[in-house]
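Data block below; observations after.
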Amino acid sequence: MSAAEPEAVAGPSERLPVRRPALGGRLLGNEIRLLMRRRRNQLILVALAAIPVIIGVAVKATTNSGSSADGLIGSITNNGIFVSFTALVVVIPIFLPMAVSVVVGETIAGEAGAGTLRYLLAVPVGRTRLLVIKFLAVAFWCLLIATTVAVAGLVIGFALFPAGDVTLLSGTQTTLLGGLGRLLLVVGYAGLMMLALATAGLFISTLTEVPLAAMAASLGVAIAMQVLVAVPQLHALRPWLISNYFLDFGDVLRDPLLFGGLTHGALAAVAYIAIFFSLAWARFTSKDITS
Amino acid sequence: MTLSVPTSGARSAAPVPTDPLVIETAGLTKRFRGGQIAVNRIDLAVPKGAVYGFLGPNGSGKTTTIRMLLGLVFATEGTISMLGRKIPAEAGRALPWVGSLVEGPAFHPYLSGRVNLARLDAADLTASRRNSSVRVDRALERVGLSAAAGKRYRNYSLGMRQRLGIAAALLQPRKLLILDEPTNGLDPQGTREVRHLVGELSRDGITVFVSSHLLSEVEQVCTHVGVMRTGSLVWQGSMADLGSQQKVRVVVETADSAAAKGVLADLGLADIAEESGVASAVLGSRPPEQVVAALVAGGVRVRGFAVAKPNLEDIFVQLTGEGFDVSG
């Protein structure tokens with residue numbers, strides 16, 4: 001039954017029969033399933049979904065008592081979709097990086113710590129391919145956490161506040177569909193930003209056999225960047241820090257839709273991904289696996 | 001399903017000049033960062049179809065060697081050829097045919113045995129999705145874990161974990177099995193089972209490379225042995241070679257040890273030793289009953305007579321000048 005049969009009858013000097021390799025889609029599927037069945041990850045998703053709910057309920061409660069706010073939060077009472085936008089702005093600086101660090105720390109270091117890495121590599125998976133699969137699984141996770149916040153925001157938003165045409169921050173109106181399109185854009189942007197951070201975490205994860213250390217270091221890097229961005233005297237550093245671009249999607253909520261800020265941030269993210277993936281690859285493919 | 005391990009019948013097409021080696025290393029050396037030499041210029045030669053016992057005390061470089069064979073650790077110097085492929089450059093071609101157990105089993109603790117195997121099966125790019133569950137179930141059955149397949153790995157006993165590791169090594173048809181201390185942590189019953197399995201696989205034509213620090217474990221199943229000591233391969237060869245080096249001795253217990261020594265000398269036996277109450281000599285080709293008859297005829301009051309075959313342990317002490325950790 002196996003793919004071994006066709007060429008297997010030659011003499012002992014035969015070249016080994018070549019089993020036709022697949023691309024590794026099965027392992028990626030397996031990886032994502034592993035990610036999703038992990039109780040801890042499920043809890044992270046629940047916690048993230050709770051944030052827009054809290055925002056929605058809080059706004060509902062305070063507007064009933066008469067006070068009103070401006071900007072993003074103020075728009076919530078006009079259209080539920082703004083719960084999603086607001087929640088994304090709230091979670092992007094810290095909560096999403098936390099969710100990313102926890103998962104990305106596990107990638108290589110988790111397998112190394114459990115000893116499963118040596119068996120995966122002996123199968124053999126191929127180091128580059130394993131790294132790509134881990135990267136893709138993490139990319140899925142990044143998109144998933146941003147989507148979770150947005151969807152939870154929409155559900156609670158439309159439950160508590162009106163739907164319909166969306167009044168943008170510039171005062172102009174767009175259809176609900178247009179608003180959802182813009183939300184999709186923000187989710188994609190947030191996912192990309194998190195992936196940039198995650199790729200740095202992936203590199204860190206190739207440096208150690210202790211998943212907890214990789215998690216802590218990834219989160220430490222994320223927080224350190226936030227701090228550096230916040231210090232005015234270190235202004236010159238900002239363009240080099242990915243967290244500087246995290247919230248550069250304000251234009252999405254204005255008319256006309258300008259892509260300047262988005263593109264700039266996205267390019268920075270792509271540069272981060274390219275640099276740190278290369279580092280992770282260089283490290284992982286040359287490393288002695290002694291765990 | 002065939003295992004495609006041609007031994008004799010399939011040779012007709014291409015004449016083979018020499019018996020191919022399944023594992024061949026030349027000057028294989030590993031120096032870890034910090035200068036410590038774990039493996040020092042070893043030349044392994046594992047012939048096809050052999051059960052090769054890779055022996056040595058803990059810390060003698062066995063595991064590092066195995067990790068280099070599997071492409072996990074990169075050699076500092078030297079070359080490796082496995083199943084005719086260069087390692088690590090062509091590891092992707094060779095390793096699908098190699099099942100391995102390295103330094104004990106390792107699986108995801110919160111997944112069941114079956115899900116763990118399915119993950120390794122998914123990782124094998126040469127394995128079809130279609131037959132995955134068949135392969136997994138068959139491997140579980142082979143090691144007797146079918147009943148516990150749904151249990152989480154963390155709830156497995158040490159023996160069950162070891163067996164799951166062996167099941168993983170048997171997921172695909174293999175040409176070579178590399179088993180690093182496969183009986184570690186097993187009870188005597190489990191050890192027997194592993195030995196039995198190794199014999200069975202070997203009869204199927206699979207070459208088995210098994211490392212151990214326990215001589216007695218390996219003695220009964222191996223056709224070849226290699227002995228490691230502090231990073232060097234101090235001896236390598238077939239059990240038959242080893243047998244020819246064995247010197248069987250006759251040991252006579254008697255009050256007349258001096259007289260016995262004389263009789264043994266008259267018989268022309270070599271390497272005669274005598275102390276009070278015991279005389280002994282190398283038997284050579286002479287049948288032992290002749291020795292007894294000569295002793296009795298010579299008036300030696302024989303209290304005990306033994307033909308002592310040295311065990312592997314004695315031979316290795318002789319070969320390496322060092323004992324083995326037999327306690328385990």
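Lettering of chains follows the sequences in order, A, B, ..., and the numbering in each one begins at 1. None of the values given here were measured: they were computed from a predicted structure.
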Over-ring placement of B/R161 relative to B/Y153, 6.0 Å and 45° cut-offs: yes
Atom group of B/Y110 that falls short of 4.5 Å from chain A, counting heavy atoms: side chain
Aromatic plane relationship, A/F277 with A/F135 - under 30° parallel, 30 to 60° tilted, over 60° perpendicular: perpendicular
For chain A, the option from B/P109, B/P88, B/A118, B/G104 that forms the most heavy-atom pairs under 4.5 Å: B/G104
Leading residue by heavy atom contact count with chain A [cutoff under 4.5 Å; candidates B/G92, B/A91, B/A169, B/S128]: B/S128
Nearest-0.5 Å distance that lies between atom CG in B/L83 and atom CH2 in B/W97: 9.5 Å
Heavy-atom proximity to chain B below 4.5 Å, by part of A/R39: neither
Chain A neighbours within residues 29-40 of chain B, where any heavy atom lies under 4.5 Å away: B/K30, B/F32
Residues A/T107 and A/S205: side-chain donor-acceptor under 3.5 angstrom: yes
Contacting region of B/R67 [heavy-atom separation from chain A under 4.5 Å]: side chain
Winner by heavy-atom pair count (cut-off under 4.5 Å) against chain B, out of A/R33, A/E111, A/R37: A/E111
Heavy-atom contact with chain B under 4.5 Å, split by part of A/L34: side chain
Proximal component of A/E31, with respect to chain B [non-hydrogen, under 4.5 Å]: both
Heavy-atom proximity to chain B below 4.5 Å, by part of A/R127: side chain
Exercise: do B/Q172 and B/D124 side chains pair donor with acceptor under 3.5 Å: yes
Identified side chain to side chain contact (heavy atoms under 4.5 Å, CB included) counterpart of B/M68 within the set B/I42, B/V73, B/T63, B/T25: B/V73
Most contacts with chain A, counted as non-hydrogen pairs under 4.5 angstrom, among B/L101, B/I178, B/L70: B/L101
Mutual orientation of the aromatic rings belonging to B/F54 and B/F209 [parallel < 30°, tilted 30-60°, perpendicular > 60°]: tilted
Option passing side chain to side chain contact (heavy atoms under 4.5 Å, CB included) with B/S211 (candidates B/E181, B/M228, B/E103): B/E181
